[in-house]
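In what follows, a single structure is set out as structure tokens and then discussed.
All chains are named by letter (A, B, ...) in the order of the sequence lines, taking the proteins before the strands, and each is independently numbered beginning at 1.
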Amino acid sequence: MAATTHHHNPDVNYINEFKGIGSWLTSLDHKRIGLMYMISVLTFFLFGGIAALGIRLELFSPGQTVMTADQYNQFMTYHGAIMVFMVIVPGIPAILGNFFLPIHVGAKDVAFPRLNLLSWYVFMVGALMGIATLFMHKVDTGWTFYTPYSIKTSGAATMMVVAAFIMGMSSILTGLNFIATVHKLRCPGMTMYRMPLFVWAIYSTAILQLLATPVLGITLLLLAAERILGVGIFDPALGGDPVLFQHFFWFYSHPAVYIMILPAMGVVSELIAAFSRKTIFGYTAIAYSSLGIAAVSFFVWGHHMYVSGQSETAGIVFSFLTMLVGVPTAIKMFNWLATLYRGSISFQSPMLFALGFLFLFMIGGVTGIMLATLAVDVHFHDTYFVVAHFHYVMVGGTLMALMGGFYYWFPKMFGKMYNEGLARVTFVFIFIGFNVTFFPQFILGAMGMPRRYFDYIPAYESLNKISTVGSWLIGIGFLISLYVIIDGLLRGKKAPANPWGAKTLEWQVPSPPPHTNFHHDPVVTAGPYEYR
Amino acid sequence: MNEPKDVHHIVDYKILLKSGAALFALTFLTMIAFWNHHHLGAFAAPIAFLIAGVKAAIVMMFFMGLKYDSTMNRIIFGLGFFFLAVLMAFSALDIWTRVPVLGTI
Amino acid sequence: MSTVESHASHEHHFAHHFKSADHEFLTSKQGIWLFMVTEILMFGGLFVAYFIFHHIYPGMFAEGAKSLDWRMGFGNTLVLIFSSFTMALGIHQIQKGHNKKAVLSLALTILCGAIFMVVKYFEYTHKFHLGLYPGKYLDVAKVGAEHANLGMYFGFYYLMSGMHGLHVLIGMALIAWVLFRTMRGDFHSHYYTPVEGVGIFWHIIDLIWIFLFPLLYLVG
């Protein structure tokens, strides 16, 4: 390593200390790996987004317009599979978590840097395998791969399933690394209760990644075996039980919903404290509610299966347990609101996204309680109400937080400021576009429009038209944010170490941070949000 | 977090030997139970798995050294079994309380 | 940037983000345990499916289990238990600085793994010879099976023992790697992290087999 860094040259940082593409592809630095994840995830987000726009375009009018029914099924499948496995699950943990979790706990790196790099390669292998099926026989099962259709379909489902399995391995390695980092690498003075709430959220997420993903792995392997060998475990024609597939699948995929939303909650905790200039209200309550959500998430998966043929008894038990999720979630919500109360709020772009999150996630969460109610769900199941609900959580929640987090940490990651005015414009487009797209879908769902169909009766037309127009607004919003990022990278003025006046550790080091994060080993003597 | 005092605990040679011997003996016991499974009736399977459980406990405690490891590592490993039980319990709850129409075979 | 290298000159040179060699050891060990949890849950999923279908089709599973030779499973159980013992012994010997003895223990462990796989090979080829293939490749009429979905039992049999066998092969390769490193003199009483990790992995393989043996061969 370069001897010059011993003198803490302020112009040397993790980006320019080592040069060449090879130094990136072999880098063990968690910050560089975070950026590599960022580039890959943003690329896949583009794919998934184009698929989404395609779906909405087809649904602009009833009947076949821009694609056939089969193509629609493929668009829907790739939108779901790409957005879930390649964008939202790795999104916040692998990008922002990788970059900031070690700095937040005062560590020089994650516990296992080689494993961290390996997880990126494994992720890329899986993701590219998934994308490669586009050039083979396209998959049309939906991202859930429900049996028995997924056993019979002629698409390249086996390859897609193996791809998801491989991406799951990557997710496990990331989670494992973060747990060990939080347990073992906290710097002197960094007790568990001095960790930023973002770390608590990523930590809870990591536990889910570790404990839930292996079951997805074996489920997908069993599905592959079903397709290749015809074992009959999930195939009713051979004496198997397709509902058991759903049990196994949702044992992972319900906790996976929290793998997607918990990190977003962590980001929002940071943003709200920083832009209210106030100590966060109920630190321990927020911290433990993250663990609480993680724990409860393993007991509620059956609410995806109320009308699947699951027994009524199981449905009732799952309905009751699902309501429990509302408790830790509401605890977080109330604490964020209490933090805002009498805070010195500044409405910079990251804060706008955080407030947008509160608004949208509330709608997503409360409609979730409605869907958890067994009798109500029988009506709403597989309608656009469900689609609207989980988009309010996944997009209105996770994606809003991801955007807010990007803007918040952009100066730290790249050492440049972005165009604040334009960034606020992106918020306006994304927030309004999102509501225009998905709020009508609640109404469509209540009217009974089923999800996943490429056609609908004329009665649903006007609301579908509104929804499609909204999708264009979201698209424009993301195009502008792409411009904001590129413009900031090329022409942004140099960022100070702490542009927001925040208190967590990453703002105490230069922007961008040096290769080993800290010039001097940090010693922590206070909590993360001691504003006033 | 509650790290063991002797980081590099050496498991005594005699304990390893005894553990190995116990595992061998229990394997023979499994077979004896198997040969008499007509007498044991419905208990044959639970007995076989009970013995397997004891064997597993010996492997975990002495060979894998969990007995001498940190509490955190014990909790971590235990969590795996706990959530496995959750998967089993709820899947079984559904299938056992269903109206019995399952497949055509 | 190298703030900790000053007291890393003796013994094992640990990575820059750790405080000490012991800190690195304890962290690595926790990482290994975290990974082992995923092994338990992955194999566990298969066990859950097995239990459920065993309960639904007890007769079919009994028919399948009858065609397995308990002697093969019994012998293999003893071989694997012995290998677990030699693995634990190998770590014990490295900790005490008896590296030459440890090489022998590790070599014995690999040998046991090989014996296990050879027995598995004969079991598999025998089954293939009888036409006992997994899933749809099992011809019920040809085999003369009483239950039409006997293929499911053999699906379970090949998936479970196959996954386990794959782990045995991976374990053997890993032990060969630490054996080579032991011979090279990489390890000593205060640095043997890879051996410890591979050891725990090998014991997991033993642990899973302890349950697979009664499950596949005995409970019919």
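Contact annotation for C/I40: neither backbone nor side-chain heavy atoms come within less than 4.5 Å of a heavy atom of chain A. Only the side chain of A/L222 comes within contact range of chain C, judged by heavy atoms closer than 4.5 Å. Contact of C/M60 with chain A is not made at all, since no heavy-atom distance falls under 4.5 Å. Both the backbone and the side chain of C/F35 have a heavy atom closer than 4.5 Å to some heavy atom of chain A. Heavy-atom distances place the side chain of A/I172, and not its backbone, under 4.5 Å from chain C. Residue A/I233 touches chain C through both its backbone and its side chain, counting heavy-atom pairs closer than 4.5 Å.
C/G155 approaches A/V231 most closely through the heavy-atom pair CA-CG1, 3.7 Å. When every heavy atom of C/H23 is checked against every heavy atom of A/L185, the shortest pair comes out as CE1-CD2, 3.5 Å. A/L211 and C/L41 get closest at one heavy-atom pair: O-CD1, 3.1 Å. Scanning all heavy atoms of the two residues, the minimum distance from C/G45 to A/I218 falls at CA-CG2, 3.9 Å. Summarising the geometry of A/L238 relative to C/N149, their closest heavy-atom pair is O-CB, 3.7 Å, with the distance given to 0.1 Å. A pairwise comparison of heavy atoms in C/T27 and A/A111 identifies CG2-CB, 3.7 Å as the closest pair.
The line from NZ of C/K136 to CD1 of A/I228 is 9.0 Å long, rounded to the nearest 0.5 Å. A distance of 9.0 Å separates CG of A/D235 from CE of C/M152, quoted to the nearest 0.5 Å. One finds the NE2 atom of C/H16 at 5.0 Å from the CG atom of A/D109 (value rounded to the nearest 0.5 Å). Atom CG of residue A/L173 and atom CG of residue C/L34 lie 11.0 Å apart, to the nearest 0.5 angstrom. In this structure, A/E226 CD and C/L159 CG are separated by 9.5 Å, a value rounded to the nearest 0.5 Å. Put simply, CZ on C/F53 and CG on A/D241 are 5.5 Å apart, with the number rounded to the nearest 0.5 Å.
In C/R181, the CZ atom is crowded: over 12 heavy atoms of neighbouring residues, nucleotides or ligands sit closer than 6.0 Å. Atom OH of A/Y121 has more than 12 neighbouring heavy atoms from other residues, nucleotides or ligands inside a 6.0 Å radius. For C/F128, the CZ atom is densely surrounded, since the number of other residues' heavy atoms within 6.0 Å is greater than 12. The neighbour count for C/K142 NZ, taken as heavy atoms of other residues, nucleotides or ligands under 6.0 Å away, does not exceed 12. Other residues, nucleotides and ligands place more than 12 heavy atoms under 6.0 Å from the CE atom of C/M163.
Comparing A/L210, A/L115, A/V110 by how many heavy-atom pairs each has under 4.5 Å with chain C, the most go to A/L210.
A 4.5 Å side-chain heavy-atom check between C/L26 and A/K184 finds at least one atom pair inside the cut-off. In this structure, C/S28 and A/F112 have side chains that are in contact, with non-hydrogen atoms separated by less than 4.5 Å.
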